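The next block holds one structure in the form of structure tokens; read it before the comments.
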Amino acid sequence: MILPPTREHIRTCANALASGLCVAFPTETVYGLGANALDSTAVKRIFAIKGRPSTNPLIVHLATPDEVAKCAVVESNRVAVRLERASSLWPGPLSLVLPRAPSVPLEVTAGGSTVAVRIPDHPVALELIKTAGVPVAAPSANPSNYVSPTTAQHVLDSLAGKVPLILDGGDCVVGLESTVVSLVSESVTILRPGGITCEELEDVLGERVELRKTSTSVVAPSPGLHLLHYSPRTRCVLRGTLPPSSYPAATALLSFGENSTDLEFDYQSVETLSTSGNLQEVAARLFGALRSLDKRGFELIVIDTCADEGLGLAIMDRLRRAVAQA
Ligand code: TXA
Ligand code: MG
């Protein structure tokens, strides 16, 4: 059931979380499927609902920076300084990988010695976490490997009957998942590009930030980094990678910017994400547009591309995964 975010509904959902149930809730990036991060039975429910492999760790959502101490043990001075600096970007689309505290069940970290934590920049998420009084482990609220949800309706569309409580917080303004960053590696490393750019991180950290290349192998360094992820059911290709003469008639174009009148193909439908080619707008609308095109029965979706820089890095990361179909 989709619930408007009244104080009463938030309390109902917070009570559900505290009693070990799962709740879908809005964040600024995508909707999350939350459970009490300190309750291993509750966390297992998330994996069952999503059909998620137990080898893929979850991000723990907090309401304030002091709560990091409930989930992580930061002993190294170098990591403490990085945490202090990086947390100036909170609340925001940034997940920080830190040494795991013993109180965090191994289900959350997929058996690993680190835990990812973040403070989401959404008033409903913050009120929910505060009211529940527990850290909230939450992956994106979609079946494993499908496109992440950016509205409450998207959650209902793909998890109906599996999640009784869906808090509605409107459209996600960032629209792409958080940047996942390891603060424990030798150099600070982006494990998944996202809503916070590499440049923004380097600015606050005052050190160089590395980017881990997407793995094309079956055994990825972090399972969420598998190439095959975020895939619509319809076959997708990046614009410019196939000759338009090979497109089937039922082909749609997902365009990022203004389109010239003489397109390279007579597309059955053209969806434009931002008439001015603004990447923030592209990111915010991307997953919703992919979901709606995916429902319309096209044989092929051709997707625009942008440069791998700034927010474009995260956009292209998701698109390369969307086109990497088995
Ligand atoms: O924006 C977001 O991050 C959203 C919202 C709901 O907060 N959540 C999200 O969760 O995208 P999920 O589960 O779909 O993606 C989590 C990513 C995965 O790539 C996972 O492998 C990685 O974070 N991750 C989590 N914990 C990790 C850890 N300890 N070490 C390395 N990677 C980790
Ligand atoms: Mg996900």
Side-chain angles (χ1 to χ4, degrees), residues 22-35 37 43 46-47 49-62 71-72 89-101 104-122 124-126 128-129 135-150 154-155 158-159 166-167 169 172-185 189-196 212 214-215 219-231 283-284 287 314 317-318 321-322:
C22 295
V23 169
F25 65 97
T27 81
E28 81 282 30
T29 58
V30 300
Y31 275 70
L33 178 62
V43 168
I46 294 179
F47 286 89
I49 291 172
K50 277 183 63 93
R52 181 178 176 106
S54 61
T55 48
N56 194 358
L58 304 178
I59 295 169
V60 178
H61 296 67
L62 309 169
C71 305
L89 296 169
W90 280 345
L94 177 66
S95 297
L96 301 174
V97 173
L98 295 166
R100 159 189 165 268
V104 176
L106 288 168
E107 283 78 6
V108 171
T109 66
S113 59
T114 59
V115 62
V117 293
R118 92 171 185 101
I119 301 181
D121 189 11
H122 196 294
V124 176
L126 293 174
L128 175 71
I129 300 164
V136 176
S140 48
N142 51 283
S144 209
N145 289 342
Y146 194 59
V147 183
S148 293
T150 53
H154 291 163
V155 180
S158 47
L159 291 176
I166 304 171
L167 262 181
C172 299
V173 296
V174 175
L176 291 180
E177 300 85 348
S178 63
T179 306
V180 179
V181 181
S182 173
L183 299 187
V184 297
S185 43
T189 307
I190 294 183
L191 304 176
R192 176 181 71 180
I196 290 283
R212 184 139 82 189
T214 300
S215 172
V219 184
S222 167
L225 305 172
H226 278 315
L227 187 61
L228 216 166
H229 209 76
Y230 307 99
S231 306
F287 288 160
D317 170 78
R318 303 307 186 273
R321 294 161 195 262

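Everything numeric in this text was worked out from a predicted model, so none of it was measured. One-based numbering, in listed order, for ligands and for the atoms of each.
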Heavy atoms only, cut-off 4.0 Å: how does [X] contact ligand 1, side chain, backbone, both, or neither?
| X | answer |
| --- | --- |
| Asn56 | side chain |
| Arg212 | neither |
| Thr29 | side chain |
| His61 | side chain |

> Counting backbone and side-chain atoms alike, does Ser140 have an N/O/S atom under 2.8 Å from the Mg ion (ligand 2)?
Replying inline: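 An N, O or S atom of Ser140 is closer than 2.8 Å to the Mg ion (ligand 2), so yes.
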Check whether [X] reaches the backbone of [Y] with its side chain - one donor and one acceptor, N or O, closer than 3.5 Å.
| X | Y | value |
| --- | --- | --- |
| Ser182 | Val184 | yes |
| Arg192 | Ser178 | yes |
| Thr189 | Ser185 | no |
| Lys50 | Ala141 | no |

[X] neighbourhood, listing ligand 1 atoms whose heavy-atom distance to it stays under 4.0 Å:
| X | answer |
| --- | --- |
| Ala116 | 25 (C), 26 (N), 27 (C), 29 (N) |
| Ser140 | 8 (N), 9 (C), 10 (O), 12 (P), 14 (O) |
| Leu191 | 31 (C), 32 (N) |
| Val180 | 23 (O) |

>> Any heavy-atom pair between the side chains of Thr114 and Leu98 that's under 4.5 Å?
In response: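 No, every pair of side-chain atoms sits at 4.5 Å or beyond.
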> Taking the side chain as C-beta and beyond, is there a heavy-atom pair between Phe25 and Leu33 under 4.5 Å?
Replying inline: no
> Between Arg118 and ligand 1, is there a nitrogen or oxygen pair with a distance under 3.5 Å?
Replying inline: yes
> Would one find an N or O of Thr114, backbone or side chain, under 3.5 Å from an N or O of ligand 1?
Replying inline: yes
>> Taking only non-hydrogen atoms of Val30, do any sit less than 4.0 angstrom from ligand 1?
In response: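 True for this residue.
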> Does Arg52 reach ligand 1, in the sense of a heavy atom lying below 4.0 Å from it?
Replying inline: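 Yes.
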> Which one of Pro57, Ser182, Pro139 has a non-hydrogen atom at the shortest distance from atom 12 (P) of ligand 1?
Replying inline: Pro139
> Under 3.5 Å, is there a donor-acceptor pair between the Glu107 and Ser54 side chains?
Replying inline: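 Side chains of Glu107 and Ser54: no pair found under 3.5 Å.
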> Of His122, His61, Arg118, which is the lone residue that meets side-chain hydrogen bond (donor to acceptor under 3.5 Å, both in side chains) with Thr27?
Replying inline: Arg118
> At what distance, to the nearest 0.5 angstrom, does CG of Leu89 lie from CG of Asp121?
Replying inline: 11.0 Å
